[in-house]
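Counting begins at 1 with the first residue of the sequence. Note that ligands are numbered from 1 as they come in the structure, with each ligand's atoms numbered from 1 the same way.
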Amino acid sequence: MTLRISVIGTSYLGSTLAAGMAEFGHQVIGVDIVPEVVKQLNAGQPHIFENGLEQLLEQHTATGRLRFTLDYDDIADWADVHFLALGTPARADGSADLSQLHAAIGSLAPKLTRPTLIVGRSTVPVGTAIDLQQRIRALAPAGDAVELAWQPEFLRESMAVTDTLRPDRLVFGVQSDQALRLLEQVYAIPLTEETPVITCDLATAELIKQAANTFLATKISFINAMAQLCQVAGGDVTVLADALGLDKRIGREHLSPGLGFGGGCFPKDIRALAVRADELGVDVLSDLIKSVEAINDTQRVELAELAIDQVGGDATGKKVAVLGAAFKPGTDDTRNSPALTVADHLHDRGAIVEVYDPQAHLAQRDGFTQVGSVAEAVRNADIVLHLTEWPEFRYLDPEQLGTLVNNKIIIDGRLKLHAPTWHEAGWKLVQIGRASTL
Ligand code: UDX
């Protein structure tokens, strides 16, 4: 059954969700407050780089099944379901800033005159949904006939389209059978493909998302702590991770050692959970998260310091080539990028830093330069740093690069380069977490 769906907010989550809902066969209107974004999306052009999104947008804006608007009047009484896909950035104290959600509700709720389901998708502190529902009901002419459900998203940037169309699970935080039935209609297609569904209350739904991100971040920090141990004790952390990963109870996903996690989700979401746990007096959880963060921060600093050691202990005037700026491959997103933290650190220590990334476009940054190719970045470099594991970096030709650099030294911050090939070409290749390469 075709439903009328609005998606409020059109960033990574919202634009992919809107396109995905159209792909499921629904009529969809996306809402944003930025005129240029709405214009671009209506022309079928994504304003972010995300695999497969352009094709879906082009297809569904062309058929008229999907459009975008600035005007809440276009959606308020039109839609059967409103999705809230707004950002919840960190405030200075690490807690989640809910102002985008509040603003959207302030615009939408006073226009709701008939029974409606609103579905929150953002990552929020536990207790937020109940509070938002009270606000909505107080503002909406339809009052208690407006219900709020919470359905956390689990999509990964670079895989967002796949994760939207073929989720590995659906979590429906609902308060009534009616809301559940409507969500089952929204997701009729993945449900026919036997996608597992967890139905729960609003608080559990909110917590599932924060717990999932915190658990994954903990896995990454655990393997990075083991990498630090391998480095001093001997041992190969990649082999260790492969062996651990074969235990089905552990699994190999999110157990890749290296520079640690960045991006728009893990750092912010785990901090927000720590703040909330503190507020609620659950110190054991906030202590655990603080350790996870401390390990993650250490990885970046250690790599930068390792680079300084490799160029003789003083970075002043040394040319450093940084390969990668995005927080992970497959995206142009540089939010909380480990690669850029390392670049900043080295610049602060006097190095001349040149960064190349296949997708990310850096805003004008004081201190270092973004260049248009690997060759430009490495020309006359005193050291090369491999910091975001784009596939194209894995297949670089060390012989050819060796003719461009000052020193054949490379640090592989993502443990993805084939060490023997680089060694054969006369490079010193240093991989964090592998004692033998130091
Ligand atoms: C994450 C969650 O995976 C997703 O479910 C949630 O909805 C949003 O947050 P995302 O931030 O897109 O998604 O990226 P992810 O692929 O999980 O990687 C996060 C960070 O961890 C990246 O910086 C990545 O380089 C790093 N990472 C990931 C590791 O260092 N090691 C790993 O094994 C995996």
Side-chain angles (χ1 to χ4, degrees), residues 11-14 16-17 48-51 53 85 87-90 121-124 151-164 166-171 205-206 208-228 237-238 240-242 244-245 250-273 292-293 295-300 303 323-342 357 359-360 386-391 393 412-416 432-433:
S11 66
Y12 285 92
L13 167 62
T16 315
L17 180 63
I48 48 156
F49 172 72
E50 189 59 46
N51 284 325
L53 181 58
T88 51
R121 303 297 313 269
S122 315
T123 303
V124 291
Q151 189 218 338
E153 54 85 13
F154 302 103
L155 54 87
R156 296 159 292 173
E157 286 182 30
S158 82
M159 297 292 287
V161 170
T162 309
D163 289 346
T164 301
R166 280 177 292 283
D168 58 8
R169 82 281 211 197
L170 290 165
V171 174
E206 292 167 320
I208 287 170
K209 172 62 193 278
Q210 288 193 309
N213 276 3
T214 304
F215 189 79
L216 291 170
T218 304
K219 267 185 105 174
I220 297 170
S221 277
F222 175 80
I223 202 65
N224 283 333
M226 292 307 297
Q228 290 182 27
V237 71
T238 306
L240 176 84
D242 289 343
L244 287 180
I250 300 174
R252 182 65 174 78
E253 289 282 318
H254 281 64
L255 212 54
S256 292
L259 259 186
F261 57 83
C265 292
F266 283 175
K268 142 182 113 58
D269 292 347
I270 70 171
R271 182 91 300 269
L273 182 58
V292 168
E293 292 174 319
I295 296 166
N296 200 49
D297 293 344
T298 306
Q299 293 304 102
R300 302 178 187 201
L303 193 138
L323 304 186
F327 82 97
K328 68 173 189 178
T331 177
D332 58 354
D333 191 348
T334 58
R335 284 176 294 172
N336 205 328
S337 167
L340 294 184
T341 307
V342 171
D357 190 280
Q359 283 295 342
H386 172 237
L387 303 185
T388 308
E389 67 275 34
W390 285 96
F393 297 153
D412 179 10
R414 294 292 180 179
L415 288 95
K416 287 289 191 289
I432 50 174

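Looking only at protein heavy atoms, the nearest one to atom 33 (O) of ligand 1 is S256 N, 2.7 Å. Of the protein's non-hydrogen atoms, F154 O, 2.7 Å is the one closest to atom 5 (O) of ligand 1. Ranking the protein heavy atoms by distance from atom 20 (C) of ligand 1 puts F261 CB, 3.6 Å first. Residue, atom and distance of the protein heavy atom nearest to atom 3 (O) of ligand 1 are R156 CG, 3.5 Å. If you check which protein heavy atom lies closest to atom 10 (P) of ligand 1, you get K328 NZ, 3.7 Å. L155 O, 2.9 Å is the protein heavy atom nearest to atom 7 (O) of ligand 1. Scanning the protein for heavy atoms near atom 1 (C) of ligand 1, the closest one is F266 CE2, 3.4 Å. For atom 12 (O) of ligand 1, the closest non-hydrogen atom of the protein is E157 N, 2.7 Å.
In this structure, I295 CD1 and N224 CG are separated by 8.0 Å, a value rounded to the nearest 0.5 Å. Between atom OG1 of residue T162 and atom CG of residue N51 there is a gap of 7.5 Å, rounded to the nearest 0.5 Å.
The main-chain N or O of S158 is never found under 3.5 Å from a side-chain atom of K328 such that the two would form a donor-acceptor pair. Between the side chain of K209 and the backbone N or O of E153 there is at least one donor-acceptor pair closer than 3.5 Å. Judged by distance alone, with hydrogens and angles left aside, the side-chain atoms of Q151 form no donor-acceptor pair with the main-chain N or O of V171 at under 3.5 Å.
The side-chain heavy atoms of I223 and L240, taken from C-beta on, include a pair separated by under 4.5 Å. Taking 4.5 Å as the limit, every side-chain heavy atom of L340 sits out of range of all side-chain heavy atoms of F327. Side-chain contact between Q359 and T331: absent, with no pair of heavy atoms (C-beta onward) separated by less than 4.5 Å. The shortest distance between side-chain heavy atoms of V292 and T214 does not fall below 4.5 Å. Counting heavy atoms from C-beta on, the side chains of L216 and F154 never come closer than 4.5 Å.
Near R414, meaning under 4.0 Å from one of its heavy atoms, ligand 1 places the atoms 25 (O), 30 (O). With ligand atoms numbered from 1 in the order given, ligand 1 contributes 8 (C), 9 (O) to contacts under 4.0 Å with heavy atoms of C265. In the vicinity of G260, heavy-atom distances shorter than 4.0 Å reach the ligand 1 atoms 23 (O), 26 (C), 30 (O).
Distances from atom 23 (O) of ligand 1 to the heavy atoms of A241, S221, P257, G262 put G262 nearest.
Only the side chain of K209 comes within 4.0 Å of ligand 1, judged by heavy-atom distances. Here D269 has no heavy atoms under 4.0 Å from ligand 1, in either its backbone or its side chain.
Judged as a side chain to side chain donor-acceptor pair (under 3.5 Å), the pairs with a partner in residues 255-267 (not counting sequence neighbours) are, in order, R252-S256.
For a threshold of 3.5 Å applied to N or O pairs, the pair formed by I220 and ligand 1 contains no separation below that value. Considering backbone and side-chain N/O atoms, P338 never comes within less than 3.5 Å of an N/O atom of ligand 1. Close N/O approach between L255 and ligand 1 is found [any backbone or side-chain N/O within under 3.5 Å].
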